[in-house]
Amino acid sequence: MTGDTEKRPAGSDAPASASTPGTRRPGGRTARTRAAVRDAVLTGLTELGYPGLTVEYVAEHSGVHKTTLYRRWGDLEGLIADALDLAGEDSWRPPDTGSLEGDLRALAREVVASFTDPAAGASGSAMIAAGFQSERAASALRAYYDERFARCEAVVERAVRRGELPSGEGAVVDAGALVRAVPAPLFFRLFVTREAVDEALADQAAAAALAAAHAGVFTRDRSAGGGLNSPERTG
């Protein structure tokens with residue numbers, strides 16, 4: 001899990017306003033090109049940070065000509081936004097341990113494992129750092145995590161069906177708020193206070209979110225909206 005430090009060169013064939021970055025086609029050469037570009041962007045952000053990353057770097061490390069990059073992605077921010085978009089196109093699903101407590105603990109431990117792994121943690125941290133320097137990267141980062149958390153809401157839905165959380169005509173659980181509460185203290189340590197995290201802290205974060213859920217912190221009056229399966233969440 002970026003500001004524009006590079007201007008489009010005169011004479012490039014890039015459009016004045018870029019179309020949707022990285023035109024999507026299923027499989028084939030286009031998919032391989034997007035993957036190569038994504039990998040080069042992540043590598044560059046990890047090695048150089050956002051201020052040091054350039055389209056030239058991405059071209060050199062992806063094997064895709066600079067002119068093609070400008071034409072299809074528009075600029076550096078387009079490349080970074082599409083790298084995040086592509087990173088979300090996977091089959092990941094939240095854990096299903098059979099209990100809400102187990103699921104929340106597993107989710108928290110996944111966060112710790114991801115950001116303490118040298119390779120995955122470095123690229124994820126670089127993308128998050130880019131979001132502090134570019135509004136377009138920040139928007140892409142929000143969309144990425146919105147989609148991730150939407151998948152995680154299945155954990156709460158299962159808990160409600162099992163009777164682990166309240167479910168009735170007058171009450172509804174705010175699934176989005178609950179699943180966001182799990183990684184929140186871990187992200188605070190990782191990116192604000194820059195402290196180390198481990199499985200013990202992951203378990204603590206999960207236990208705190210679970211206790212809050214059982215105390216009704218995430219339970220809302222159905223008439224107020226904003227909870228699980230409310231119109232605001234289902235569109």
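Every value quoted in this text rests on a predicted model; they were computed, and no experiment measured them. Position 1 is the first residue of the sequence; numbering continues from there.
- Scanning both residues, Val156 and Leu165, for their nearest heavy atoms gives CG1-CD1, 3.9 Å.
- Asp82 is listed as a side-chain neighbour of Trp73, based on a closest heavy-atom distance under 4.5 Å.
- Residues Trp92 and Phe149 fall within the same hydrophobic cluster, defined by Ile, Leu, Val, Met, Phe, Trp and Tyr side chains chained together at heavy-atom separations under 4.5 Å.
- Hydrophobic clustering keeps Phe188 apart from Leu201 (ILVMFWY residues linked when any side-chain heavy atoms are closer than 4.5 Å, directly or through intermediates).
- Thr33 places a side-chain heavy atom less than 4.5 Å from the side chain of Arg72.
- Side-chain contact check for Ile80 versus Met127: some heavy-atom pair is nearer than 4.5 Å.
- Side-chain contact check for Val155 versus Leu100: some heavy-atom pair is nearer than 4.5 Å.
- Taking the side chain to side chain contact (heavy atoms under 4.5 Å, CB included) definition, one finds that Thr43 meets it with Glu47, Tyr57, sequence neighbours left out.
- Asp146 contributes atom CG, which lies 12.5 Å from atom CZ of Arg148 (distance to the nearest 0.5 angstrom).
- At least one donor-acceptor pair under 3.5 Å links the side chain of Asp103 to the backbone N or O of Thr97.
- Residues Pro95 and Leu107 meet the side-chain proximity criterion, which asks for heavy atoms closer than 4.5 Å.
- Heavy atoms only, all atoms of each residue included: Arg151 and Ser91 are closest at NH1-C, 4.1 Å.
- In this structure, His214 has no ring pair (Phe, Tyr, Trp, His ring centres under 6.0 Å) partners at least two apart in sequence or on a different chain.
- Note that CG of Leu79 and CG of Leu42 are 11.0 Å apart. Values are rounded to the nearest 0.5 Å.
- Atom CD of Glu60 is separated from atom OG1 of Thr54 by 8.5 Å, given to the nearest 0.5 angstrom.
- How far OG of Ser99 is from CG of Leu210: 8.5 Å, rounded to the nearest 0.5 Å.
- You'll find the side chain of Phe187 reaches within 4.5 Å of the side chain of Leu190, heavy atoms only.
- Nearest approach of Ala175 to Glu153, heavy atoms of both residues: CB-CG, 3.8 Å.
- Across all their heavy atoms, Ala213 and Leu178 have their closest contact at CB-CD1, 3.6 Å.
- Summarising the geometry of Leu69 relative to Val58, their closest heavy-atom pair is CD1-CG1, 3.9 Å, with the distance given to 0.1 Å.
- Every side chain to side chain contact (heavy atoms under 4.5 Å, CB included) that Arg142 has, sequence neighbours left out, goes to Glu135, Ala138, Ser139.
- Taking all atoms of both residues into account, the shortest heavy-atom contact from Ala83 to Val41 is CB-CG1, 4.0 Å.
- Between Arg180 and Tyr145, the closest side-chain pair of non-hydrogen atoms is not below 4.5 Å.
- Here the OG atom belonging to Ser114 is positioned 14.0 Å from the CZ atom belonging to Arg109, to the nearest 0.5 angstrom.
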